[in-house]
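For reference, positions follow the sequence shown, starting with 1. Scope of the values below: all heavy atoms of this structure, side chains included, with no hydrogens, waters or symmetry mates.
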Amino acid sequence: MVARTRPAAGGRVTDEVLDVRRLVRGVLRRWALVLGLGLAGLLAGAVHADGQPRVFVSQSRVLLLPSGLDSAGHPLRDIDTETFVATSSDILGQAGATFRPPRTAAQLRGMVGARSASPNILEVQAASVIPHEARTVADAVARAYVAYTNNPNANDAQMAAPRAQADALSARIRQLEEQIATQQAGLVGTDPTSPEAARGAALLDALHSEEVDSQRTLDTLNSRLGDTVLNAQAQSPGARILDPALEPGRPVSPHPLREMGEGTLGGLGGGLLLALGLERLDRRLRRRDDIARAVGAPVLCSLTVPRRLRARDSCRYVLERWRPSVVEVLALERVLHRADGSEPPENLVVVSSARDRRAPIAALQLAVRAAATERRTALVVATDAPPSGVLRSVHEVAAAAHGPVRARLWMHVSGELGKRELTRAELLVVAVASRGGSVLLPTWDRRTVVLLATSAGSVTAPTLSALAAACLEAGHAIEGVLVVNPDRRDPTPGRLSTAIAAPVAPPPRHDGSMTAGPSPARSAGR
């Protein structure tokens, strides 16, 4: 319900507070939507967590020994600077040289991070999908950082000769690769059994053997070179490894429970917002007072039908198993005996919208109750109106019935009831469904009461107003409203607001093609 305006003291207009309870009721009516989106979010979170790789994190703690103190007693070393140094290219390059095969700084950069746990403790972390790899990388980077921090230029002169030997071996390996490629190209197209092919194959095997030996020597030299540099630098007193890295036992991500919880909360929140939005956009009437104001007639009766039954099953339920409650009995008696304020009517015309699936069942309930009170009753379904599902079901039930469906109750289709049968029926109940353009009402010269039936939450106020206007145009005023399946949380009785003026008299009939207006007998009774 949008905010409405009402006149205030002094002629001013104030805005009414938004009906929060209506929004809450709208959300409760759409609980299945909210719950469904919550379950969908739970499933999406589980699928997302299952599709993510399992990441393991290992960390190594490094103790930074202060090299000096300032006048306030704080260490001169900047811990924030050290975190950047620990992930620099020099550190990562030295750490990558210890692996077999060696790794570049770019390969390790996406795996390694550093943070300061305290002013004197640096934590080096490594993440990987393999637990052993995470521990090895974190330990290698921590060792390289300790070596660089203690003495970044240690043993440069001693390492010159081994490095030159490693460069020479690398150049020889490249030369051997070129010779192997040339020799393989020369053997293409030669006869494998010829002496030239045999000499070429022997030379090619020798080149391969020399390349393998050179590569093995180079790997050994690089390994010793890296270990010598790290061990020599690590003996300086600048930093120490406090806690070596350990192999992690469980992954740090993904978190299935957290992912599913976030998905569930997101789904429930989205469902709640969607339900609130649908309720704000929903203009269908559910409150009896709103229905009465739209029609311009009070609510005389509230009836219930099982909501889960189909239209045909609803008709059979009313005919065979329906037992009205005490409140419904009193309301039905009010409709059957005091609807027009004088003597009981002989015609009851129940008009409903063709869009409403439940409302036409009210005519059948009236007919069943009238037959139960020892009144010979006939139910006629108008066939010239656009048929709805319930009206079609009444057709089918009436066609399948042989004779009276129950004592004192006949069900017919419009046109099958002749004058003779009309005189036998004490009460004629006519069910009419319309799309709002025109309403065809009976022309029999009997006391007629016109009622409008609607189910709560089925149609909007313009639809009900159009039906009421069509009845007035046809020459009949609506005496009251029958509400089918009213909202259980609706406390309103369906009385007309005091601001609504008295009903306007129906307009005169224009020509013979219009349906007849109120019968003379009823006019005299008024």
Apply side chain to side chain contact (heavy atoms under 4.5 Å, CB included) to the pair Val432 and Val430, showing each step before the final yes or no.
CA-CA 6 Å; Val432 179; Val430 182; 3.8 Å; yes

Do the side chains of [Y] and [X] get nearer than 4.5 Å, heavy atoms only?
X      : Y      : result
Ile361 : Cys315 : yes
Leu332 : Leu303 : yes
Thr454 : Leu285 : no

Starting from the C-alpha separation in whole Å, work towards a yes-or-no answer on side chain to side chain donor-acceptor pair (under 3.5 Å) for Asn485 and Ser455.
CA-CA 6 Å; Asn485 290 342; Ser455 57; over 6 Å; no

Give me the one residue out of Leu451, Val351, Val295 that meets side chain to side chain contact (heavy atoms under 4.5 Å, CB included) with Cys471.
Val351

With Val380, the side chain to side chain contact (heavy atoms under 4.5 Å, CB included) member among Asn347, Leu428, Val429
Leu428

Which heavy atom in [X] sits nearest to a heavy atom in [Y], and how many Å separate them?
X      : Y      : result
Arg369 : Leu336 : CG-CD1, 4.0 Å
Thr377 : Ala370 : OG1-CB, 3.4 Å
Ala142 : Ser60  : CB-OG, 3.5 Å
Ala275 : Val34  : CB-CG2, 4.1 Å
Ser88  : Arg109 : C-NH2, 4.3 Å
Gln125 : Val57  : CB-CG1, 4.3 Å

[X] side chain to [Y] main-chain N or O, any donor-acceptor pair under 3.5 Å?
X      : Y      : result
Ser58  : Glu247 : no
Gln365 : Thr304 : yes
Arg288 : Asp490 : yes

Residues which pass side chain to side chain donor-acceptor pair (under 3.5 Å) with Asp487, listed by chain and number, not counting sequence neighbours
Arg29

Any residue meeting side chain to side chain donor-acceptor pair (under 3.5 Å) with Gln52, in chain and number order, not counting sequence neighbours
His48

Do the side-chain N and O atoms of Ser458 and Arg358 include a donor-acceptor pair separated by under 3.5 angstrom?
no

So, Ser118 and Asn120: side-chain donor and acceptor under 3.5 Å apart, yes or no?
no

Only pairs at least two apart or in different chains count here, so list each salt bridge (charged side-chain N to carboxylate O under 4.0 Å, His left out) that has a residue in residues 129-139.
Arg103-Glu133

Side chain to side chain contact (heavy atoms under 4.5 Å, CB included) between Asp356 and Val484: does it pass, once the steps are laid out?
CA-CA 10 Å; Asp356 199 337; Val484 180; over 6 Å; no

Please report the C-alpha distance between Thr373 and Glu333 in whole Å, then the side-chain angles of each, then the deciding distance to 0.1 Å, and finally whether the side chain to side chain contact (heavy atoms under 4.5 Å, CB included) criterion is met.
CA-CA 9 Å; Thr373 57; Glu333 291 298 330; 3.3 Å; yes

Decide side chain to side chain contact (heavy atoms under 4.5 Å, CB included) for Ser353 and Leu464; before the verdict, give the C-alpha distance in whole Å, the side-chain angles of both, and the deciding distance to 0.1 Å.
CA-CA 8 Å; Ser353 172; Leu464 294 179; 5.7 Å; no

